[in-house]
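These notes concern the structure reproduced below.
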Amino acid sequence: MKICVLVKEVPDAAVDKRINPQTGRLDRSGERNLNPYDTHAIEAAMQIREGGTVEVEEIVAVTMGPDTAVRALHKAVSLGADRSVHLSDEALAGSDVAATGYALAKVLESESPDLVLLGQQSDDGECYTIGAVVADHLQMPSLTQVIKMDVSHGSLRCERQAEYGYDTVEVETPAVISVGDAINEPRYPSLKAIMGAKKKPLDAKTTGDVGIDASKVGGDGSAVSCGDFKAPPQKAGGTIIEDEDTNETVEKIVAWLDERKLI
Amino acid sequence: MADILVYALHYEGAFNKNSLGAVSEAANLASQIGGEAHAVVVGDVSDDLAGQLGNYGVSKVFRAEAPEGLAQPVIDVMAKIMSDQGHQYALFGGGLLGFEIGAGLAARLGAGVTMEVTQVNVVDGRLAAERPILGDSSISTSTYKDKGIIIGRLNAFESKETGGSATVEDVQVELSPFSTKAKMIQRGEQRGADVDIEGADILVAGGRGLGKAEGFELAEELAKAFGGNTAVAATRAVVDAGWYPYAAQIGQTGKTVAPKLYLAAGISGAIQHKVGMQSSENIVAINKDANAPIFEFSDLGIVGDLNKILPKLTEAIKAKKGG
Ligand SMILES: Cc1cc2nc3c(=O)[nH]c(=O)nc-3n(C[C@H](O)[C@H](O)[C@H](O)COP(=O)(O)OP(=O)(O)OC[C@H]3O[C@@H](n4cnc5c(N)ncnc54)[C@H](O)[C@@H]3O)c2cc1C
Ligand SMILES: Nc1ncnc2c1ncn2[C@@H]1O[C@H](COP(=O)(O)O)[C@@H](O)[C@H]1O
């Protein structure tokens with residue numbers, strides 16, 4: 001089995017995420033890191049490999065993003081991927097969800113994976129949906145938010161929470177599965193793995209290399225335009241108590257509740 | 001003329017509340033852009049049930065034979081109807097399937113898609129969708145070059161009964177080969193005890209910050225101290241981990257609640273949780289991380305360790321009640 005894992009570089013959670021008012025795109029300056037949700041997808045791939053039910057020949061990390069995204073690939077490799085693929089091209093800048101999914105599907109097509117894994121959401125994009133777009137282009141069955149996955153030859157038994165409770169779904173491979181963050185507890189990379197990550201093969205690809213129709217990607221190729229950014233209505237800021245002396249804190253909470261007749 | 005197609009999710013003989021909201025919203029928007037709103041249902045839906053959607057404002061309901069509870073068969077159905085009948089827009093209420101269907105449909109039709117939409121406006125006879133982004137710190141507006149797919153945020157659209165009626169039209173759709181490669185084995189399994197959080201006046205909600213399943217004892221003790229109509233609720237993170245029953249989950253794939261008091265312990269305040277509780281009258285949050293998003297929408301925020309605060313708070317409330 002060959003597994004491709006989609007990973008993305010996102011602004012570090014500790015950094016303010018902002019929109020650049022000139023371009024209407026996310027401000028990409030500041031610290032960046034591997035999307036934490038994607039570490040669960042890499043871990044899921046590792047557990048399939050280590051589980052031994054099926055033989056995993058290769059785990060390939062795939063990203064689309066600017067030059068700096070290489071760091072996310074190094075991180076993915078330090079967590080267990082064997083090699084990585086970086087799709088990077090000026091033409092892709094400003095792609096919407098559908099265009100991003102299309103471009104990623106083209107890269108994946110060139111890899112012919114038996115299983116595509118991805119995270120439940122990107123920390124900055126929060127679209128939850130790249131998997132569904134990718135799957136439609138690849139003509140593969142797909143499921144998002146999977147929190148348990150048993151792999152056997154030719155199929156996966158998946159569990160996930162949907163609108164009415166937990167669903168169990170049997171999915172034939174090849175398939176595209178986005179994993180929920182409850183699926184596993186990602187491991188920490190060893191120092192050796194971190195040091196070795198830069199030596200693992202990394203293929204840089206442009207749109208032309210994987211047959212992406214440039215008219216379908218980038219800001220111009222996207223079917224939706226976003227703009228007109230505005231601030232949401234502000235709720236009056238709440239009272240904040242820093243807990244230093246817990247007895248005092250509790251007294252304040254009780255007084256606050258009592259004032260509102262909640263006790 | 002621009003028509004709107006809405007997906008109506010149903011389960012055990014009833015439509016999803018968010019789908020009904022989307023149906024009403026579609027009817028309202030269609031009248032503003034001079035088009036019609038139609039609904040689509042798949043699977044086992046009686047004439048009577050399908051017809052009920054007329055009462056929420058659609059004039060026609062398309063019904064197709066296809067497996068239920070999975071996205072890809074519905075994508076096949078909606079793509080065919082939209083192509084054959086020329087619908088300009090598709091609308092979905094908040095929920096998991098809507099995200100999957102909407103995104104796959106956008107891929108299939110080369111349409112634009114926006115998710116987590118909180119409001120749809122009509123600008124120059126076309127739809128423009130507002131979506132909060134970046135942890136709800138900003139709102140962006142999407143417009144569509146051609147076809148547009150709009151996926152609402154949970155509870156964004158309200159259902160309204162109009163007293164109208166709809167015709168039901170059966171459509172034959174051949175499913176794509178890959179759409180039948182996922183099969184539902186079991187649907188809607190309820191994990192854990194059946195608890196009622198929707199009727200409670202006070203909810204003590206626990207998240208991953210409780211540390212382990214046993215951590216919920218702290219929340220239960222506090223709930224007991226409040227007494228009366230108080231219940232314990234949970235985030236998806238802890239329900240998925242098996243720490244607390246699914247029936248107690250608040251949020252996008254759980255319950256929507258609006259108690260007099262919602263007290264969160266060890267909950268970060270992710271959007272998918274917030275959408276299920278933001279209408280609570282009083283929101284109190286205890287979290288050790290001063291930057292936790294939940295503090296942005298709480299009325300009283302306590303930055304501190306819940307393991308220190310909850311036991312003392314429980315004692316203090318008991319004392320107050322006793323005295
Ligand atoms: C499509 C989709 C649907 C979803 N549906 C839902 C849903 O229905 N409901 C839902 O809740 N979520 C849902 N989620 C998940 C959601 O995004 C979050 O992952 C989840 O709500 C996080 O739960 P949490 O706050 O318990 O955990 P975390 O986000 O891990 O937060 C734990 C918090 O506890 C704090 N903490 C830790 N230790 C302590 C301590 N000792 N004292 C005080 N504070 C402490 C931490 O600072 C942290 O803020 C959904 C996600 C997606 C993508
Ligand atoms: N540019 C990208 N390159 C590779 N993978 C991506 C990219 N954007 C999103 N993904 C994957 O899609 C998942 C869901 O992202 P999103 O739909 O943006 O919330 C992420 O967790 C990643 O696994």
Side-chain angles (χ1 to χ4, degrees), chain A residues 17 19 96-98 101-102 124 126-129 132-133 135-137 139-145 147 161-172 180-182 222-232 235 238-243 246-247 249-251 253-254 256 258 260 262-263, chain B residues 11 16 69 71-72 95-97 99-100 103-104 106-108 110-115 132 134 136 138-146 178 181-191 236-237 240-241 246 253 260-261 282 295 297-304 308-309 312-313 316-317 320:
Chain A
K17 299 165 198 165
I19 289 288
D96 66 3
V97 191
Y102 159 69
D124 55 348
E126 297 177 308
C127 296
Y128 332 113
T129 46
V133 176
D136 203 75
H137 287 295
Q139 309 228 317
M140 289 183 188
S142 149
L143 214 56
T144 65
Q145 304 286 323
I147 56 155
Q161 192 191 95
E163 277 88 350
Y164 297 103
Y166 285 87
D167 293 349
T168 303
V169 183
E170 186 93 23
V171 184
E172 277 178 49
D181 62 352
S222 294
V224 48
S225 3
C226 297
D228 212 11
F229 299 97
K230 62 177 187 188
K235 181 175 164 170
T239 312
I240 294 283
I241 303 173
E242 302 264 355
D243 179 40
T246 304
N247 290 329
T249 302
V250 163
E251 236 171 76
I253 303 173
V254 170
W256 191 93
D258 196 31
R260 288 161 184 78
L262 293 165
I263 301 181
Chain B
Y11 185 63
N16 185 279
Q72 287 169 312
L96 188 59
L97 278 175
F99 281 100
E100 291 180 334
R108 189 79 61 90
V113 58
T114 315
M115 51 289 301
L134 304 177
D136 286 4
S138 177
I139 294 176
S140 89
T141 298
S142 300
T143 50
Y144 307 96
K145 291 193 181 145
D146 182 21
F178 62 95
K181 289 191 170 153
K183 289 196 181 65
M184 186 72 76
I185 306 293
Q186 185 185 18
R187 188 174 179 201
E189 183 195 341
Q190 303 298 305
R191 293 193 174 161
R236 193 189 72 173
D240 274 350
Y246 168 67
T253 48
K260 287 202 181 73
L261 172 64
N282 294 283
F295 290 131
F297 52 93
S298 31
D299 302 298
L300 176 65
I302 298 106
V303 183
K308 286 195 341 207
I309 299 167
K312 289 196 172 176
L313 182 58
I317 287 173
K320 176 100 193 152

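Since the structure is predicted, the reported quantities are computational estimates derived from the model, not experimental observations. Below, chain A is the first sequence line, B the second, and so on; all start at residue 1.
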From the list B/Ala103, B/Gly110, B/Ala237, the residue making the most non-hydrogen contacts under 4.5 Å with chain A is B/Ala103
Greatest number of non-hydrogen atom pairs under 4.5 angstrom with chain A, of B/Met115, B/Glu100, B/Arg187, falls to B/Glu100
Bottom line for B/Met184: the part with an atom under 4.5 Å from chain A's heavy atoms is both
d(A/Thr246 OG1, B/Lys308 NZ) to nearest 0.5 Å is 4.5 Å
Of the listed B/Arg236, B/Gln190, B/Lys260, the one with the largest count of heavy-atom pairs under 4.5 Å with chain A is B/Arg236
So CZ of A/Arg260 and CG of B/Leu261: to nearest 0.5 Å the spacing works out to 10.5 Å
Note: vs chain B, highest number of non-hydrogen pairs under 4.5 angstrom among A/Val97, A/Ile240, A/Val171 is A/Ile240
Would you confirm whether A/Gln139, through its side chain, and B/Phe178, through its main-chain N or O, come within 3.5 Å as a donor-acceptor pair?
no
So, the part of B/Tyr144 with a heavy atom under 4.5 Å from chain A: the answer is both
Q. With a 4.5 Å limit on heavy-atom distance, are the side chains of A/Tyr128 and B/Leu96 in contact?
A. no
Chain A shares the most heavy-atom pairs under 4.5 Å, among B/Phe297, B/Tyr246, B/Phe99, with B/Tyr246
Any donor-acceptor pair under 3.5 Å linking the side chain of A/Tyr166 with the backbone of B/Glu189?
no
| field | Expected output: side-chain B/Gln72 to main-chain A/Leu143 donor-acceptor under 3.5 Å | value | no
Counting heavy-atom pairs under 4.5 angstrom with chain A, the leader among B/Gly188, B/Ala71, B/Ala106 is B/Gly188
Ranking B/Leu300, B/Ile302, B/Leu313, B/Asp240 by heavy-atom pairs under 4.5 Å to chain A gives rank one to B/Leu300
Interface check, chain B: of A/Val133, A/Thr129, A/Val250, A/Thr168, most non-hydrogen pairs under 4.5 Å belong to A/Thr168
**Asked** Quick one: are A/Glu163 and B/Tyr11 in side-chain contact, heavy atoms under 4.5 Å?
**Response** no
Problem set entry | Side-chain (A/Asp136) to main-chain (B/Ala107) donor-acceptor, under 3.5 angstrom | no
Highest number of heavy-atom pairs under 4.5 Å with chain B among A/Ile147, A/Asp96, A/Asp167, A/Asp243 belongs to A/Asp167
Is there side-chain contact between A/Val254 and B/Ile317, with heavy atoms separated by less than 4.5 Å?
yes
Within-4.5 Å side-chain heavy-atom neighbours: A/Pro232 and B/Pro132 = no
Max heavy-atom pairs within cutoff under 4.5 Å with chain B, candidates A/Ala98, A/Ala162, A/Gly101, A/Ala231, goes to A/Ala162
* **Donor-acceptor pair, side chain of A/Glu242 and main chain of B/Gly304, under 3.5 angstrom** => no
The reported gap from OG1 in A/Thr249 to CD1 in B/Ile309 (rounded to nearest 0.5 angstrom) is 6.0 Å
Under 4.5 Å to a heavy atom of chain A? For B/Ser298 that would be backbone
Comparing A/Glu172, A/Glu251, A/Gln161 against chain B, the one with the most heavy-atom pairs below 4.5 Å turns out to be A/Gln161
Most heavy-atom pairs under 4.5 Å with chain B, out of A/Ala132, A/Ser142, A/Ser225, belong to A/Ser225
Honestly, the part of B/Ala111 sitting under 4.5 Å from a heavy atom of chain A is backbone
message: In the structure I gave you, are the side-chain heavy atoms of B/Thr141 and A/Phe229 within less than 4.5 Å of one another anywhere?
response: no
Report task. Answer yes or no: is there a donor N or O on one side and an acceptor on the other, between the side chain of B/Lys145 and the main chain of A/Ser222, under 3.5 Å? Result -> yes
If one checks every heavy atom of A/Glu170 against chain B at 4.5 Å, the contacting part turns out to be both
The interface call for B/Asp299 against chain A, heavy-atom contacts under 4.5 Å, is both
